[in-house]
Amino acid sequence: MIERAYREGEKMGISVWGLDQAGPLQTIPYPGSSWEPQGKPVCQPHQHLRNGTAKLMSLFHPATGKVRAKGVRSCTNAVLHPWLKEQLRAILRTLPPPPPPPPPPPPSPGKNRAMWESWQEGLTVRITLPEELPPLRMLVVLDNLTGHKSPELLLWMFARGIMVLYTPLGPPG
């Protein structure tokens with residue numbers, strides 16, 4: 001399903017994004033290239049105070065390579081969900097508006113629902129979709145964390161034309 005999203009989603013006019021969180025990462029200096037002017041020695045402090053750990057929240061758009069990211073000290077639902085909603089709102093504002101319904105006859109609600117449900121084909125556990133659905137505008141690939149399945153978040157996304165696709169827990173078959 002995820003391969004289909006990356007292969008066909010953008011061609012169908014549906015923006016495809018992936019969400020992930022990295023970490024925890026220790027907030028200590030790591031080896032690598034440095035930014036000091038050439039010919040000037042690197043100055044390191046004689047001591048380093050550990051400041052705990054950090055995490056990185058990111059949304060990635062494979063079709064363009066665009067990344068939206070934010071470093072945080074924790075990545076609970078109370079931190080992730082507001083950031084995710086803010087980013088998704090901003091992305092939706094950049095997308096072309098959904099096409100207006102054609103003149104009579106209007107598209108059947110069944111055809112719209114079939115489009116949404118097509119992104120759950122082959123799944124043993126399906127998401128319960130609301131009765132009324134707007135036109136599908138975006139797919140967001142998420143891992144299977146419990147917080148990514150909260151009814152409040154899912155209903156918020158569905159109301160804006162965003163369908164979620166969860167990464168599989170293990171190899172198929």
Side-chain angles (χ1 to χ4, degrees), residues 1-24 55-64 66-70 72 74-173:
M1 191 59 54
I2 293 170
E3 290 87 1
R4 176 181 166 219
Y6 290 131
R7 193 176 55 249
E8 299 174 18
E10 301 284 336
K11 292 177 190 172
M12 298 170 71
I14 301 169
S15 188
V16 181
W17 289 76
L19 170 76
D20 206 0
Q21 305 83 240
K55 292 189 174 201
L56 181 69
M57 303 182 299
S58 64
L59 267 171
F60 176 60
H61 188 235
T64 61
K66 289 183 181 177
V67 176
R68 293 168 175 258
K70 181 177 182 179
V72 293
S74 72
C75 197
T76 62
N77 292 345
V79 174
L80 176 65
H81 291 185
W83 177 82
L84 178 59
K85 289 176 181 180
E86 174 188 331
Q87 297 306 309
L88 293 176
R89 274 189 205 101
I91 293 166
L92 286 171
R93 283 192 297 269
T94 69
L95 298 179
S108 74
K111 187 174 182 181
N112 186 46
R113 176 164 287 283
M115 171 76 114
W116 281 79
E117 289 177 350
S118 75
W119 293 102
Q120 296 193 71
E121 287 175 9
L123 298 179
T124 54
V125 178
R126 291 175 169 234
I127 298 168
T128 302
L129 296 169
E131 198 60 40
E132 292 189 28
L133 293 163
L136 184 60
R137 300 183 68 200
M138 183 187 296
L139 299 172
V140 176
V141 179
L142 306 162
D143 49 21
N144 270 283
L145 295 176
T146 302
H148 295 169
K149 298 177 181 180
S150 76
E152 185 274 331
L153 178 64
L154 292 176
L155 290 172
W156 183 93
M157 293 170 83
F158 295 157
R160 285 150 183 84
I162 302 169
M163 176 66 181
V164 297
L165 302 178
Y166 294 110
T167 57
L169 293 173

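Start at 1 with the first residue, then count along the sequence. Given the structure is predicted, the values throughout are model-derived calculations rather than measurements.
- For Ser118, the side-chain contact (heavy atoms from CB on, under 4.5 Å) partners two or more places apart in sequence, or in a different chain, are Arg4, Glu121.
- Of all non-hydrogen atoms in Leu92 and Arg137, the two that sit nearest each other are O-NH2, 3.4 Å.
- Separating the CH2 atom in Trp83 from the SG atom in Cys75 is a distance of 8.5 Å, to the nearest 0.5 Å.
- For the pair Leu80/His148, a side-chain contact is recorded, criterion being any heavy-atom separation below 4.5 Å from C-beta on.
- The heavy-atom pair separating Pro134 from Ala159 by the smallest distance is CG-O, 3.5 Å.
- What you find for Leu136 and Gly161 is that their closest heavy atoms are CD1-O, 3.6 Å.
- Contact check on Arg113 versus Glu117 returns a salt bridge, with a Lys/Arg side-chain nitrogen under 4.0 Å from an Asp/Glu carboxylate oxygen.
- In this structure, the separation between CG on Asp143 and CG on Leu19 is 7.0 Å, given to the nearest 0.5 Å.
- Distance check, rounded to the nearest 0.5 Å: OG1 of Thr94 to NZ of Lys66 gives 6.5 Å.
- The heavy-atom pair separating Val67 from Ser58 by the smallest distance is CG1-CB, 4.5 Å.
- Contact check for Val79 versus Lys55: no side-chain heavy atoms found under the 4.5 Å cut-off.
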**Q.** Audit row: Gln87, Arg68, side-chain hydrogen bond (donor to acceptor under 3.5 Å, both in side chains) steps and yes/no
**A.** CA-CA 8 Å; Gln87 297 306 309; Arg68 293 168 175 258; 2.9 Å; yes
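- The closest side-chain heavy-atom distance from Arg160 to Met138 is not below 4.5 Å.
- In terms of heavy atoms, Leu139 sits closest to Ala5 at CD1-CB, 3.7 Å.
- Note: Lys70 NZ to Leu84 CG = 12.5 Å, rounded to the nearest 0.5 Å.
- Taking the six-membered ring where tryptophan is involved, the planes of Trp17 and His61 are essentially parallel, since the angle between them stays under 30° and well short of 60°.
- Of the residues Leu165, Val164, Thr167, Leu153, the one that meets the side-chain contact (heavy atoms from CB on, under 4.5 Å) test with Leu142 is Val164.
- No more than 12 heavy-atom neighbours from other residues, nucleotides or ligands sit within 6.0 angstrom of CD on Glu132.
- The two residues Pro82 and Asn77 have their closest heavy-atom pair at CD-O, 3.6 Å.
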Q. Can Leu88 and Leu59 be said to form a side chain to side chain contact (heavy atoms under 4.5 Å, CB included), step by step?
A. CA-CA 9 Å; Leu88 293 176; Leu59 267 171; 4.2 Å; yes
Q | Residues Val141, Tyr6; criterion side chain to side chain contact (heavy atoms under 4.5 Å, CB included); working and verdict | A | CA-CA 10 Å; Val141 179; Tyr6 290 131; 3.8 Å; yes
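- Between the CG atom of Asp20 and the CZ atom of Phe60 there is a distance of 12.0 Å, given to the nearest 0.5 Å.
- Rounding to the nearest 0.5 Å gives a distance of 6.0 Å between OH of Tyr166 and NZ of Lys149.
- Using a 4.5 Å heavy-atom cutoff, the side chains of Met163 and Ile14 are not in contact.
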